[in-house]
Amino acid sequence: MYKKLLNVNRRNFNKFISLSLASIFSFNILFFKEIFSKSLSKKNSKIKWVLSEKDI
Amino acid sequence: MIIKKEYLLNKNYEIIICGSGPAGITLALELEKQNISCLILEAGDEFYSDKAQSRYEGEVVGNFPNDISITRLSQFGGTTGHWGGTCRPLDSYDFKDWPINEEDIEPYLNKSCEILEIPKSFGEKNISDRLKIIEFQESDVRFHEKYFEYIKKSKLIDICLNCSIFNIKAKNNSINEILLDPENKLILKTNFLVLACGGIENSRLLLWFREKNKFISSSLPIGNYWMEHPFKKIGSGIGNFNLIRNNLKNDFEKFENFRNWGNFTVSISPTKKTIDEKNILNSAIFLTLHDRDNDTLKNNIKDLLCVAPNLSNKIVKLFNKNLLCGISISSSWEQDANINNKITLSNSKDSTGIPKTKLEYYLSEKTLKTAKEMINEVGLYFVDNDLGRIGGDQTIYDLKNFISDAGYHHIGGTRMGENKYSSVVDKNLKVHGVENLFVCGSSTFPSGGHANPTLSIIQLSLRLANHLAKKINIL
């Protein structure tokens, strides 16, 4: 019985981990998709950034 | 004690103070301690009334953002009835154009902090030789709550509510009569008159008195050099939350969640070296860090990647480590004293028959340059220490269309100085050319620094009380 329970827990844990990784991954994709979907152009910038030469 | 207007007829007071805001009440209480009696004339009631407040209506020309009838309160306690309570003394270099130094009002700082019930702790920490973190204090004192009952019972302080001054009469350049109505029915006698009606009313009343009397010199720049503290969100950024926190760490507890603006707020000010080198005005930058689910962050990443594609890897890494945060940057800064920023008398009159205020207000290149240079200074600090990247909002690069909010800090108009062509009152706050007429409040500041003015107003009031007490004791 104990082993059975352990197996169930392990299965649930694996399922949980894979779901979590998937959600984190998809969240990041969604987050950055919106950012990268628009063409990156200096004209779109609403802020005058203070940058180093390496940034550009 | 409270005295009704009709009982004032032909009364004689050593000192009459117009206005029961922080300047007037502090002055009256300090005089009382020195056993000197006075009368306070308060145009408003004990609490807010539309009738009294309507006298604050006026005309505004230029790019002043506020309605001048709502930025102050006509009631006992004055504008402390709705003030934010933020306090900090002026920096020593703010006194550059003043006829007095920081040392002249520093002895009154302890007592001023006691009145405002704040610790005398205004720390500073240099983060470079160009920038410093500064500490503010927050006061919860409302002068009505703290002092009304006390003054009601005072034997040396009389207060007349709903009573405004209409005119003054003088003999040999010395005021001897105060007229409370246009019909000259209610006349009071006094040895000293102090105007402590606030940063707009002091100018308006003096302009009106000059229109009615020849003994106030036409050369005095009454109403001129009027200033505010521009207050606006001027920039944004993104950064490494932990790095910023550690780098800008300080002992000033107030900065933890200051005013609930965000997760972490820090106030940064230029050092004297930066002010001199860049030829800018004094300033405070409020840098607030936001959670990663805040819209600011997403928008700022979008914007930054438009101009700095090489930062994309770094941004993704920080984001995955949950360390990326959005930054919003607000600022409250000094405005330069400009003779053309002025209070004059409008063509329409208030309910007492005195012309209403007309305010002409413009922001200068130097004022806007200060905001731009400060963004640049803080931005370079972020780059050098790799804390993140910040930038200025496009609005601060367009003087013509720039409209800032304001701190409701009304400064200048009756500025202090030795020259009667460029100032209205002398270093003891006495109006040039009139023996016993004084002005107290931020209207006497020749420059405003960036600090909220109430603490300095109270320091000046205590100093004036000492000066008047000495004069009375000599007489």
Side-chain angles (χ1 to χ4, degrees), chain A, chain B residues 233-239 292-293 295-322 324 326-329 371-398:
Chain A
M1 184 64 186
Y2 175 73
K3 277 186 178 174
K4 255 187 187 178
L5 269 175
L6 208 68
N7 281 338
V8 169
N9 282 343
R10 194 168 292 150
R11 269 204 304 277
N12 281 351
F13 178 75
N14 290 341
K15 201 171 166 187
F16 168 75
I17 288 293
S18 44
L19 273 174
S20 301
L21 285 172
S23 62
I24 289 168
F25 189 58
S26 55
F27 176 76
N28 284 0
I29 287 174
L30 284 173
F31 187 88
F32 286 104
K33 188 188 156 211
E34 197 186 327
I35 290 166
F36 286 105
S37 61
K38 292 188 179 170
S39 61
L40 300 180
S41 150
K42 283 185 183 182
K43 281 179 191 170
N44 288 342
S45 177
K46 289 174 185 166
I47 300 166
K48 274 203 169 183
W49 292 93
V50 182
L51 301 167
S52 77
E53 279 180 16
K54 287 179 195 167
D55 300 340
I56 304 163
Chain B
K233 179 182 170 294
I234 58 169
S236 299
I238 61 169
R292 78 178 210 168
D293 56 354
D295 276 347
T296 317
L297 175 61
K298 202 183 276 185
N299 292 331
N300 292 354
I301 295 173
K302 263 191 232 175
D303 206 293
L304 179 58
L305 291 179
C306 292
V307 290
N310 292 350
L311 284 173
S312 55
N313 271 346
K314 203 181 258 184
I315 288 170
V316 172
K317 270 184 197 166
L318 280 177
F319 186 85
N320 286 337
K321 285 181 186 168
N322 206 7
L324 202 63
I327 304 166
S328 45
I329 301 161
K372 286 182 277 191
E373 290 292 351
M374 277 305 290
I375 285 286
N376 202 42
E377 288 291 335
V378 178
L380 289 174
Y381 182 81
F382 265 60
V383 169
D384 290 346
N385 294 279
D386 207 23
L387 305 180
R389 297 292 181 269
I390 67 153
D393 289 353
Q394 290 289 357
T395 51
I396 62 169
Y397 300 91
D398 180 11

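So you know, we letter chains A, B, ... as the sequences are listed, proteins then strands, and number each from 1. Because only heavy atoms are used, hydrogens play no part in the values below, and waters and symmetry mates are left out as well, while side chains stay in.
Here the CG atom belonging to Leu304(B) is positioned 8.0 Å from the CD1 atom belonging to Ile47(A), to the nearest 0.5 angstrom. Lys46(A) contributes atom NZ, which lies 10.5 Å from atom CG of Asn300(B) (distance to the nearest 0.5 angstrom).
Residues passing the salt bridge (charged side-chain N to carboxylate O under 4.0 Å, His left out) test with Lys317(B), sequence neighbours excluded: none.
Formation of a donor-acceptor pair under 3.5 Å by the Asn310(B) side chain with backbone atoms of Lys54(A) is found in this model.
For residues 378-385 of chain B, heavy-atom neighbours of chain A at less than 4.5 Å comprise Gly379(B), Leu380(B), Val383(B), sorted by residue number.
Across every non-hydrogen atom of Val307(B) and Trp49(A), the tightest pair is CG2-CD1, 3.5 Å.
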